[in-house]
Amino acid sequence: MRQVLRFAAERAVRYLEELPERRVGPSAEAVRALGAFEESFPEGPCAPEEVIGMLDDAGSPATMGMAGPRFFGWVIGGTLPAALAANWLATAWDQNAGLFIATPIGATLEEVSQRWLLDALGLPAGCGAAFVTGATVANFTALAAARHAVLKRVGWDVESRGLFGAPEIQVVVGEEAHPSLVKSLGMLGLGRERVIRVPVDSEGRMRAERLPELRPPCILCLQAGNVNTGAFDPAREIIPRARERSAWVHVDGAFGLWAAASPRYRHLVEGFAEADSWATDAHKWLNVPYDSGLAFVRSPDDLQGAMSLSAAYLPQGEHREPSQYVPELSRRARGVEIWAALKSLGRSGLAELVERCCRCAERFAEGLTAMGFEVLNEVVLNQVLVSFGSPEVTERVIAGIQEDGTCWCGGTVWQDRHAMRISVSSWATTEADIDRSLEAIRRVARAAGVTRQGRPADPASGR
Ligand SMILES: *Cc1c(COP(=O)(O)O)cnc(C)c1O
């Protein structure tokens, strides 16, 4: 055991140390070399070290450098050293985190993390919390609590009776709701298509004046942090109106909710704490390993009502029972890494992490604008959308940047414009990484024949 663990740890350390200087996306050659894994099921055993050796030799080169400092695709985040090390230790513990009696440490660290998270995110201290796999399942879990509560108010027990014959729930989302939220609604029998979609403004924010008349039982879903622009729905205007109509307000704040952890960016989440439930990710901005998401529900009873193993409420003992708040029974102890990340950062470290990412996004936007490229969004948080001209030219630059390997960014279509999307959410990213990435973008754009927005390079000018 000792030998193989040491060996794996050494290889992992080497991988992470080499990461800042290797290409971010895997090379085509490394992807081709994955053919090494295409063998038929081995007839006999293989030494553990040989297994790990193969994994590192053939596997590591074919990874995307998500844990490194210049990965800006999607909203991913890396892994803080304390969180990674805690993950190793917790994996050695192999705790089934379903019940307190099964894992006092796992359950305790969920309880402690819950308290710290609610504090850091500026949410009511009495909320119930679910430690799940990601924001998709967090949305699902919180919306299951919403479904439970709004139907209970009209005398319908949805857990026992299902949705057949139930009073219709009005579901309202923004035109820019994340696809995973809409999927969650589908999984809950609330329908992906039958929802009312509220029009949005140029930054993707729900337009409060276009809110339909809300009729209970009603669930209204807001967004804190649009995945393209980083923009926030106008919670302060909308939530009081929803409250008047007894609507349940849910917030998808997969990464945006973390703005609350910074005094500088806290104003963006003003009003969101008045909602009934929130979903967020720990594997994005908190920089814990995959997978880790969080659902918070103002009334823990509603969360338990939807998630309890038995239809009857189990009496709450002295301790919080983790499985009473989540879809799963057996699962890993995600609270361990969340605790480790929060403990290692502290309040000031968390604020610094959020602020540095936002500062880096601003630096990207300024640099790109100075090069003559068009930044399509108001850079309020950690997201930057940039166009290099026509859709074809923008696609060409994105492909060039991925091939170049200095950094990695993906494409998106934002309100009918093709754009490259830059998300800064890793603890490892510094201003120097932004400058290095900007240099690469300049180089690639020039090679692709663009120097200024949409204009081919002028060979005579030598630029
Ligand atoms: C990333 C994201 C999700 C989905 O989160 P997963 O962790 O991938 O399940 C949902 N909503 C928003 C706004 C996101 O950014």
Side-chain angles (χ1 to χ4, degrees), residues 64 66 71-79 83 117 121 129-144 146 173-188 192 195 197-198 200 203-206 219-233 235 249-260 265 268-269 272 275 277-296 326-328 331-332 334 337-338 341 354 357-358 361 377 380-385 409-410 412-414 421-426:
M64 178 69 85
M66 291 175 181
F71 180 82
F72 306 114
W74 304 286
V75 194
I76 292 275
T79 297
L117 287 162
L121 297 174
F131 292 72
V132 294
T133 52
T136 305
V137 177
N139 278 322
F140 171 83
T141 304
L143 288 167
V173 306
E175 197 64 73
E176 271 288 326
H178 195 275
S180 70
L181 180 114
V182 178
K183 173 181 167 176
S184 304
L185 291 169
M187 289 195 288
L188 287 161
R192 294 190 188 197
V195 297
R197 287 178 167 268
V198 184
V200 296
E203 295 299 312
R205 293 173 293 226
M206 198 185 269
I219 300 172
L220 168 67
C221 302
L222 299 183
Q223 186 163 252
N226 178 288
V227 78
N228 279 310
T229 62
F232 292 70
D233 284 340
V249 182
H250 170 69
V251 177
D252 177 3
F255 62 96
L257 215 51
W258 295 90
Y265 291 92
L268 293 169
V269 296
F272 279 97
S277 61
W278 305 262
T280 193
D281 265 317
H283 58 217
K284 286 179 179 169
W285 226 341
L286 184 58
N287 280 256
V288 303
Y290 281 93
D291 42 29
S292 192
L294 296 154
F296 303 107
V326 291
E328 306 91 341
R331 66 202 167 85
R332 68 186 192 88
R334 292 192 184 82
E337 300 128 12
I338 293 179
V354 169
C357 288
C358 295
N377 64 316
V380 293
L381 199 66
N382 63 327
Q383 302 289 106
V384 183
L385 297 174
C409 306
T412 188
V413 177
W414 172 244
R421 184 172 66 195
I422 299 169
S423 303
V424 190
S425 45
S426 174

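Here the structure is a predicted model, which means the values were calculated and not measured. Computed over heavy atoms, backbone and side chain alike; hydrogens, waters and symmetry mates excluded. We count ligands from 1, going down the list as the structure has it; atoms in each ligand are counted the same way.
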Enquirer: Do any N/O atoms on Asp281 end up under 3.5 angstrom from N/O atoms on ligand 1?
Expert: yes

Enquirer: Hey, which atoms in ligand 1 end up nearer than 4.0 Å to a heavy atom of Phe255?
Expert: 15 (O)

Enquirer: Excluding sequence neighbours, so at least two apart, what forms ring-ring contact (aromatic ring centres under 6.0 Å, His included) with Phe131?
Expert: none

Enquirer: What are the two closest non-hydrogen atoms of Thr133 and Asp291, and how far apart are they?
Expert: O-CB, 3.1 Å

Enquirer: Counting each atom of ligand 1 from 1 as listed, which ones have a heavy atom of Gly225 under 4.0 Å away?
Expert: 13 (C)

Enquirer: Atoms of ligand 1 less than 4.0 Å from Ala254 heavy atoms?
Expert: 2 (C), 3 (C), 10 (C), 11 (N), 12 (C), 13 (C), 14 (C), 15 (O)

Enquirer: Do Asn377 and Glu203 come within less than 4.5 Å of each other through their side chains, counting heavy atoms only?
Expert: yes

Enquirer: Purely on distance, is any nitrogen or oxygen of His283 under 3.5 Å from one on ligand 1?
Expert: yes

Enquirer: Using the side-chain contact (heavy atoms from CB on, under 4.5 Å) definition, which of the options Leu257, Asn226, Leu268 pairs with Phe232?
Expert: Leu268

Enquirer: Of the side chain and backbone of Ser180, name the one, both, or neither that has a heavy atom under 4.0 Å from an atom of ligand 1.
Expert: side chain

Enquirer: Starting from atom 2 (C) of ligand 1, what is the nearest protein heavy atom, named by residue and atom, and what distance separates them?
Expert: Lys284 NZ, 2.4 Å

Enquirer: My understanding is that only residues two or more places apart in sequence, or in another chain, count here; which of them pass ring-ring contact (aromatic ring centres under 6.0 Å, His included) with Phe255?
Expert: none

Enquirer: What protein heavy atom lies closest to atom 9 (O) of ligand 1? Include the residue and the distance to one decimal.
Expert: Thr136 OG1, 2.5 Å

Enquirer: Can you find a heavy atom in the side chain of Pro327 that is under 4.5 Å from one in the side chain of Thr141?
Expert: yes

Enquirer: Between the side chains of Trp258 and Thr280, is a donor N or O closer than 3.5 angstrom to an acceptor N or O?
Expert: yes

Enquirer: Show the atoms of ligand 1 that are less than 4.0 angstrom away from any heavy atom in Val227.
Expert: 15 (O)

Enquirer: Closer than 4.0 Å to some heavy atom of Gly134 - which atoms of ligand 1 meet that?
Expert: 7 (O), 9 (O)

Enquirer: Among protein heavy atoms, which lies nearest atom 13 (C) of ligand 1, and at what distance?
Expert: Asp252 OD2, 3.6 Å

Enquirer: Examine distances only and state if a side-chain atom of Asp252 and a backbone atom of Ala138 form a donor-acceptor pair shorter than 3.5 Å.
Expert: no

